[in-house]
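Just below is one structure, and these are the notes that go with it.
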Protein chains: 2
Amino acid sequence: MHESVAIKQQIIDVADTRFRRYGFGKTTMAEIAKDCNMSAANLYRYFENKETIGVTICQNCLKEKEMMGKEVLKREGLGAAARLEAFFFEILKYTYDLCANDHHLFELVAYISKEHLDLVQRHQETLRSFIAEILAEGNRTGEFEVADIVSTANTVLLATVHFYYPPLVMMRNHSFEDLVQAEKAVVALLVQGLAKH
Amino acid sequence: MHESVAIKQQIIDVADTRFRRYGFGKTTMAEIAKDCNMSAANLYRYFENKETIGVTICQNCLKEKEMMGKEVLKREGLGAAARLEAFFFEILKYTYDLCANDHHLFELVAYISKEHLDLVQRHQETLRSFIAEILAEGNRTGEFEVADIVSTANTVLLATVHFYYPPLVMMRNHSFEDLVQAEKAVVALLVQGLAKH
DNA sequence: ATAATGAATATTTTTTTGACTATTCACTGT
DNA sequence: ACAGTGAATAGTCAAAAAAATATTCATTAT
């Protein structure tokens with residue numbers, strides 16, 4: 001019945017493991033198939049091609065990052081300013097961990113992002129909507145005074161690119177602590193700018 | 001006497017022309033030498049190697065960009081906020097023009113920047129000092145209220161990376177107008193945050 | 001009809017090889 | 001000593017060949 005869904009998932013799991021350990025390029029369809037006890041040809045009944053497998057894993061990665069941010073939206077006892085700070089802290093942490101520890105996955109994401117611009121765009125769209133939520137909350141509580149929430153959310157996203165865009169996060173061997181300090185400083189300045197005066 | 005300085009300059013001029021037209025990789029030392037009416041071997045009496053020539057041209061490029069920013073520092077009749085805006089506008093304009101029109105030079109800068117991190121760092125250091133000057137002016141005139149000028153200048157630099165870092169400037173085919181609009185929005189938000197309340 | 005396969009074909013990657021270019025050096029002219 | 005050179009060397013790049021891999025397809029199994 002939903003057999004095919006389970007098999008798809010198995011393929012993703014197996015591929016994910018191999019991609020992380022050996023990289024996308026060094027993993028063959030034959031190897032993935034073997035791990036699933038099937039022939040390489042049969043993989044094509046579940047995925048159009050190898051790249052599609054990569055894209056799916058990439059999407060999962062971005063989705064997980066989004067979850068990290070989303071969790072912050074629901075946290076109790078935070079004002080809008082503190083929430084914004086926590087939001088970028090989580091995003092930065094996730095991005096940093098990915099890049100620093102899963103080098104191969106980082107490369108996969110970078111490669112896929114180059115081709116499938118739409119993926120990245122959708123991801124940014126999601127982050128933007130999260131930020132917009134925080135801005136709206138700030139307006140509600142009187143902490144912020146934002147006229148155009150959507151366009152301001154976009155502006156905030158532009159100013160914080162250092163903390164979610166992997167190539168920038170990894171540029172020069174900044175320690176995680178340095179990055180967090182920079183993140184705090186940028187967000188603090190932005191919060192000042194957003195605040196009701 | 002200062003013969004060698006003039007010859008060095010000639011080599012740079014000739015190389016610059018060729019690099020812009022054909023790219024760094026497609027320009028040979030023999031060609032540069034021919035343009036200077038000398039043998040390839042003789043170039044090595046003036047430059048350690050080909051890469052050093054590229055680095056020098058790259059430096060000139062960055063220096064020119066810095067000049068664009070510096071000019072804004074001296075403009076009369078601008079408040080600190082307007083000056084900051086004008087500053088990033090000029091930087092963005094120069095960066096955009098370089099990337100959009102001098103594709104080969106853009107690649108050279110990108111390539112050299114990867115190796116010679118110190119060049120880029122020094123460049124950022126310069127931009128930072130310019131921003132610091134503007135912040136200090138703002139403090140003086142009462143427009144801004146910045147406690148730690150140096151660290152704040154750095155924060156501003158981080159938040160505006162979209163407008164001076166070539167790869168980001170060129171990411172997706174944003175029109176120049178879109179970029180300028182984004183630049184205005186980001187700087188406006190930062191200025192709000194810097195303002196005396 | 002659906003799942004799966006081995007063998008055939010198409011693509012991509014790797015290796016090899018030859019040509020090309022950067023760099024060095026021993027030497028020439030001043 | 002200094003500016004310069006041609007020829008020798010070393011290293012890099014690019015085209016071609018070989019090998020590996022992705023993808024398709026005709027066929028089998030259930």
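Within every chain, numbering begins at 1; the chains are lettered A, B, ... in the order of the sequence lines, protein sequences first and strands thereafter.
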Flag for [Y]-[X]: side-chain donor and acceptor within less than 3.5 Å:
X	Y	result
E64(A)	N60(A)	no
E51(A)	H116(A)	yes
N49(B)	T52(B)	yes
H162(A)	E183(A)	no

Atom [atom1] of [X] and atom [atom2] of [N]: how far apart are they, to the nearest Å?
X	N	atom1	atom2	value
K26(A)	dT21(D)	NZ	C1'	11 Å
K8(B)	dA3(D)	NZ	P	12 Å
M38(B)	dA3(D)	CE	C1'	9 Å
E31(A)	dT21(D)	CD	P	7 Å

Practice task
Scan T28(A) against the nucleic acid and name what it touches under 4.0 Å (heavy atoms): base, sugar-phosphate only, or nothing.
Solution key: sugar-phosphate
Practice task
Decide whether a cation-pi geometry holds between K50(A) and F24(A); the criteria are a distance under 6.0 Å from NZ or CZ to the six-membered ring centre and an angle within 45° of the ring axis.
Solution key: yes
Practice task
Using the six-membered ring of F130(B), assess whether NZ or CZ of K70(B) lies under 6.0 Å from its centre and within 45 degrees of the ring axis.
Solution key: no
Exercise for the section: Please list residues of residues 41-54 of chain B whose heavy atoms come under 4.0 Å from any atom in DNA chain D, ordered by number; otherwise none. Expected result: A41(B), N42(B), R45(B), Y46(B)
Problem - Same apolar cluster (I L V M F W Y, side chains within < 4.5 Å links), F87(B)/M68(B) - result: no
Handout entry: Path from V120(B) to M67(B) over hydrophobic side-chain contacts below 4.5 Å
Key = no
Fill in the blank from the handout: Footprint ends on DNA chain C, 5' to 3', for atoms under 4.0 angstrom from a heavy atom of chain B, come out as dT21(C) to dC25(C)
